[in-house]
Number of protein chains: 2
Amino acid sequence: MAEREVDRSISQTVKAQLALRDQILSGALRPGERISELQAVETTGASRTPVRMALVRLEEEGLLEAIPSGGFMVKAFSERDISDSIELRGTLEGLAARFAAERGVSARELEPLKECLAAIDELLRQVPISVDAFSSYVALNARFHAQLTELSRSPPLIRQIDRASALPFASPSGFVMAQSALPEAQQILIIAQEHHRVVIDAIENREGARAEAVMREHARLAVRNLRLALRNRTHLDLLPALALIKTATD
Amino acid sequence: MAEREVDRSISQTVKAQLALRDQILSGALRPGERISELQAVETTGASRTPVRMALVRLEEEGLLEAIPSGGFMVKAFSERDISDSIELRGTLEGLAARFAAERGVSARELEPLKECLAAIDELLRQVPISVDAFSSYVALNARFHAQLTELSRSPPLIRQIDRASALPFASPSGFVMAQSALPEAQQILIIAQEHHRVVIDAIENREGARAEAVMREHARLAVRNLRLALRNRTHLDLLPALALIKTATD
DNA sequence: TTCCCCCGTTATGTATACAATCACGACGAT
DNA sequence: ATCGTCGTGATTGTATACATAACGGGGGAA
């Protein structure tokens with residue numbers, strides 16, 4: 001094993017973690033499948049120690065599950081798990097929005113949020129929206145949510161929201177992609193954008209309850225849309241995170 | 001190093017994790033202090049590999065923080081962090097209560113909750129409550145909250161609540177101990193018990209909104225009490241988790 | 001005296017060797 | 001023929017050796 005290629009630009013642990021996460025989310029590793037350390041060593045190029053650290057981190061992240069007799073397997077999720085995760089995230093974001101409103105934020109802090117808002121408005125002007133525009137939307141939407149979370153100025157809450165989003169299907173990109181598969185996509189995105197607008201307004205006017213309520217409604221919309229999208233399974237291959245849903249036939 | 005004492009009854013990784021957590025929560029390791037792997041190896045009796053795995057787990061758990069240049073340090077929390085964590089937990093438990101109410105639970109599932117309730121009632125009959133009774137209360141209260149969480153039947157939510165409780169000051173034992181230091185302790189516990197009673201009633205009658213509201217109020221009560229307790233710092237040594245609060249003078 | 005650079009020490013990151021446990025399969029007995 | 005048991009192989013858990021990067025101290029020069 002003399003000619004092991006060692007990439008010294010980043011830590012081996014991080015490299016292994018990213019590589020394994022990719023394999024899981026891309027579906028190369030199926031839900032319920034046991035992950036062999038040796039195999040992971042070969043595919044990631046790191047040695048066993050960093051691979052093990054990466055496995056532990058991915059377990060804490062919620063993508064893997066420890067097997068009692070030893071080792072790890074890819075976690076499998078039900079549709080209910082997914083919709084619960086979205087609602088959970090919405091609840092936490094609602095709390096973040098309330099904190100932001102109650103504690104007050106300066107106009108300067110709201111600036112980046114408003115920029116996101118305007119950029120999304122621009123995208124939504126296209127009818128029908130293109131696939132490329134969807135990618136931009138996904139990125140902008142994620143930025144909006146991340147910045148909103150930051151406004152709470154509460155490190156424990158921010159941390160928790162990050163973890164809730166680690167379940168990838170609960171992330172904005174997850175359900176937005178699902179939405180993109182629907183004919184009603186355009187209408188849905190417009191409603192979501194309205195939510196974004198309202199939450200900013202509520203924070204500006206220090207209306208904590210209203211800010212919280214709209215974020216929860218935002219999540220409920222996403223849940224409804226996910227259900228709809230799961231019903232017309234036609235375009236679900238757009239959603240890589242769905243590799244994690246356990247299928248009945250497997 | 002021939003005579004290393006190896007305890008084969010439990011995994012070395014778990015042993016190291018428990019030992020380190022103890023050291024952190026007991027204050028043997030101060031907030032902000034860097035944790036030396038070698039030192040941890042000596043105090044825990046495990047070798048470096050399991051110690052490192054334990055450190056990674058404790059980082060994900062939120063007790064440690066990675067240092068950019070390498071290694072880990074004990075995380076330090078502000079009082080605001082603590083009260084936010086309590087409110088965060090209350091919000092999640094509110095969601096759990098709502099799920100339980102909306103999805104319906106059988107009378108049989110509510111049985112253990114009611115047993116807890118009755119046992120706590122019994123304890124509160126003592127006036128004033130003894131120190132021993134407080135320990136029992138802490139345990140019973142923790143059981144009540146854990147069982148309530150389970151009723152949601154939502155694995156992602158249960159997982160998230162567990163993680164929110166991992167911040168130990170957010171755990172019931174944390175603030176209950178803080179409450180115990182106050183003269184108003186008895187009155188506070190009686191109010192908290194009333195909340196417990198109401199949430200069960202709301203779940204039984206499938207009133208999701210009411211179940212959620214009472215759990216959030218429950219958390220707000222805890223936050224108020226924590227603030228009160230922090231003001232009269234006299235008995236705060238009862239609260240080991242407060243070892244994690246960063247002090248101004250350090 | 002003070003600042004900077006170089007070197008040594010120390011601690012972390014990584015790789016691998018060793019040990020113990022678990023799973024699977026074959027063989028034998030009932 | 002089927003069930004139980006023993007053995008072998010593979011895989012994980014643990015320990016340690018090696019490499020590399022950070023920190024601190026000491027010495028020299030301005």
Taking protein heavy atoms under 4.0 Å as touching, what does nucleotides 7-13 of chain C look like 5' to 3' if B marks base contact, S marks sugar-phosphate-only contact and - marks none? ----SBB

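Between B:H145 and B:H196, the ring planes are perpendicular. Angles over 60° get that label, and only those under 30° would be called parallel.
In this structure, CD on B:E93 lies 9.5 Å from CG on B:L157, to the nearest 0.5 angstrom. Put simply, CD1 on A:I67 and CZ on A:F72 are 9.0 Å apart, with the number rounded to the nearest 0.5 Å.
Distances shown here put every side-chain N or O of B:T49 at or beyond 4.0 Å from the OP1 or OP2 atom of D:dT14.
When rounded to the nearest whole Å, the span between CD of A:E42 and P of C:dA15 equals 14 Å. Remark: P of D:dT14 and CG of A:L55 are 14 Å apart, rounded to the nearest angstrom.
Across A:R103, A:K114, A:R153, a single residue satisfies salt bridge (Lys or Arg N to Asp or Glu O under 4.0 Å) together with A:E109, and that is A:R153.
Qualifying side chain to side chain donor-acceptor pair (under 3.5 Å) partners for A:S69, counting only residues two or more places apart in sequence or in other chains: none.
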